[in-house]
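Structure first, commentary second.
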Number of protein chains: 2
Amino acid sequence: MATLADVARRAGVSPATASRVINGSSKPVAEELRERVLRAVADLRYVPNAHAQLLARPQRSVVGVIVHDVSDPYFAEVTRGLQRVATEHGRLLIICNSYRDPERELEYVELLRAQQVAALILAGSGYHDDGFTQRLNEKLAAYEATGGRVAVIGRHDHAGDAVMPANETGAQLLGEELVRLGHRRIGVIAGPRVLTTTTDRLGGLRRALAEHGCPLHDDRIRYAGFDRDGGAAATAELLDAAGDLTAIVALNDSMAVGALAELRRRGVAVPGRVSVAGFDDMPIAGDVTPALTTVRLPLVELGSRAMTLALERAGDRARVEVLPAELVRRASVGAAPPD
Amino acid sequence: MATLADVARRAGVSPATASRVINGSSKPVAEELRERVLRAVADLRYVPNAHAQLLARPQRSVVGVIVHDVSDPYFAEVTRGLQRVATEHGRLLIICNSYRDPERELEYVELLRAQQVAALILAGSGYHDDGFTQRLNEKLAAYEATGGRVAVIGRHDHAGDAVMPANETGAQLLGEELVRLGHRRIGVIAGPRVLTTTTDRLGGLRRALAEHGCPLHDDRIRYAGFDRDGGAAATAELLDAAGDLTAIVALNDSMAVGALAELRRRGVAVPGRVSVAGFDDMPIAGDVTPALTTVRLPLVELGSRAMTLALERAGDRARVEVLPAELVRRASVGAAPPD
DNA sequence: CCGCCACAGGTAAGCGCTTTCCTGGAGACT
DNA sequence: AGTCTCCAGGAAAGCGCTTACCTGTGGCGG
């Protein structure tokens, strides 16, 4: 690998001059030398060693992102927003998938800190695990103490800047809609218990239903993986246990897609006999059949706002932005069938 | 930010000893000193500067990945495979989205080279653009000349290790199936002309149809973006221009989803009046209505094989692995309706 | 004609770490 | 008791780069 010294030697100049030419330093360099250096760079296919540069000029420019899984449409959208703003600021992103493993998340925080990232974004639900939360916050605090910037998406448990989707309010909206349409026996297929997103959404739903006099029964809730297959499995369980449900709320759209598949498999009409609702309004939500009634979360914006917060200077105090949820009525939810 | 020197000072040892303790060097260190160092590390929340480490011990461990767009399900799946193998080898991934911009792709190659990545994976279609291809290959050659490993996914235009999906064969399979089912007036909604993936798939289809005596007419092909909206738009155009088609082949599943949406909007029965086929078998393909007949590509395996090639030592000559495509029959393709 | 200033270019320090090589002390052996 | 060996720990070089500081030259004014 060619080094700056090689370039300088070939161009017959000092490393200092070569460096100045290559980085477009403000210090003037004679045209002839400049050309010799540039030619040497081209001849040697020289690319500066980014690590050496970072050591010499500690100007952190990359941003670390920790998500549960980029290939999950939810995070794919969020990441798109993160990317957009990062690119606008000329920042490179290092994207890490924790695959919902708290330990791995902790490791990645260390790793990104070691990489001297300018900022750290944690996207995705927190965990109901005080031990973990404390360790995470300690690590983040250590990072922030040395000038690192942190922004989280959808986590209550962090003291700093945060962007929050209105999970609870969104779920409430959905609950009210179902009640309004006459549904009384409502089942829920939920993501993992340990995720705060699950409990937040469940909380909003529970509140809405309780307020309208049809409290959510615990035995009408099934927990499973936050994905399509989890949704299908949970739906099967739910149907076997309580066949008289008129509506199923999936706590995200992937699960809702699984529910739809299971219902189709069983020949249950949607929304004729059972209505199905999702959450997130991921891109495919409008294209399944029946099109999914869901709660739209501004996923891309969640990402772009978080990145903006992270790249701005730290405020005097933590900023928490709540981005609103919106009910999207499509075909999968209809009036409850008469008993 | 605490440095190794800080740790050493606090522990009352030399930086050398501190380094040895922290990295678990093979050189023995007295238990007492070891503990003092570890305590200092904990007290100072010390994390080694990864850049300094890489400078001092040039042991490249991160792998760079350039994809068109991780949030595209195709790449999301491929990336999953890449990730898995990388993680198994203890490698961190830097994922870069080129958003199908060749210039950006070139920039990212430079950037990753500057980052001293151990290997570089280029995933996703090549471009019909000789100038670009040449520049890219030059850059990759320069990188490989200094010990960098390169593996590409789905690109003919690179001389080194490659993993190729059987785009052409897959399309042929699909073409034969359509002919077998009596389709003669077949339209195609294709991705951007400039992508080799588009032309490969189109080529396979064209060949199959020609062999069975119903050549593909150029005026039954529409090019658009390789996404859902592109698919919907191209379908609309196609239908307006040639309303008598009995089948529409989308060159990827996202476009097929768009096609389905447009057909539904127009009240055209699928597959009753028009059959629709996709390509890729992305996760949602089985869950739309009607479920998509498509060509399955082993997306995750594409990624895992490429990463494996890249992490193995370079062979004496380039290895090219072709991963087979498989026709997946679902509901969206049926027999051609009688005229 | 001499001295000073301005400025292009070079010298070298230092970023934070690893690792080779060296040192000094303890134990072993004669 | 003296010498040799062994080994834990430290000193220092060096990874590739940037940049503060220094040097030597040419142009200018007095």
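These numbers come from the heavy atoms of this one structure, side chains and all, not from hydrogens, waters or symmetry mates. Here is how names work: the chains are called A, B, and so on, in the same order as the sequence lines, proteins then strands, and each is numbered from 1. All values derive from a computational prediction rather than experimental measurement.
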Sidechain-backbone polar pair: T17(B) side chain, V13(B) backbone, donor-acceptor under 3.5 Å: no
Exam field: side chain R149(B) to backbone E312(B), donor-acceptor pair closer than 3.5 Å: yes
A correct 5'-to-3' footprint of nucleotides 14-21 of chain C, with B, S and - meaning base, sugar-phosphate only and no protein heavy atom under 4.0 Å, is BBBBBBBB
* To do: Indicate, with a heavy-atom threshold strictly under 4.0 Å, whether L33(A) touches base, sugar-phosphate, or nothing.
  => sugar-phosphate
Check: Under 6.0 Å between ring centres, would you say that holds for Y99(A) and H68(A)?
Finding: no
Taken in chain and number order and not counting sequence neighbours, the residues that satisfy salt bridge (charged side-chain N to carboxylate O under 4.0 Å, His left out) with R80(A) are E77(A), D69(B)
Across all chains, not counting sequence neighbours, the ring pair (Phe, Tyr, Trp, His ring centres under 6.0 Å) partners of Y46(A) are none
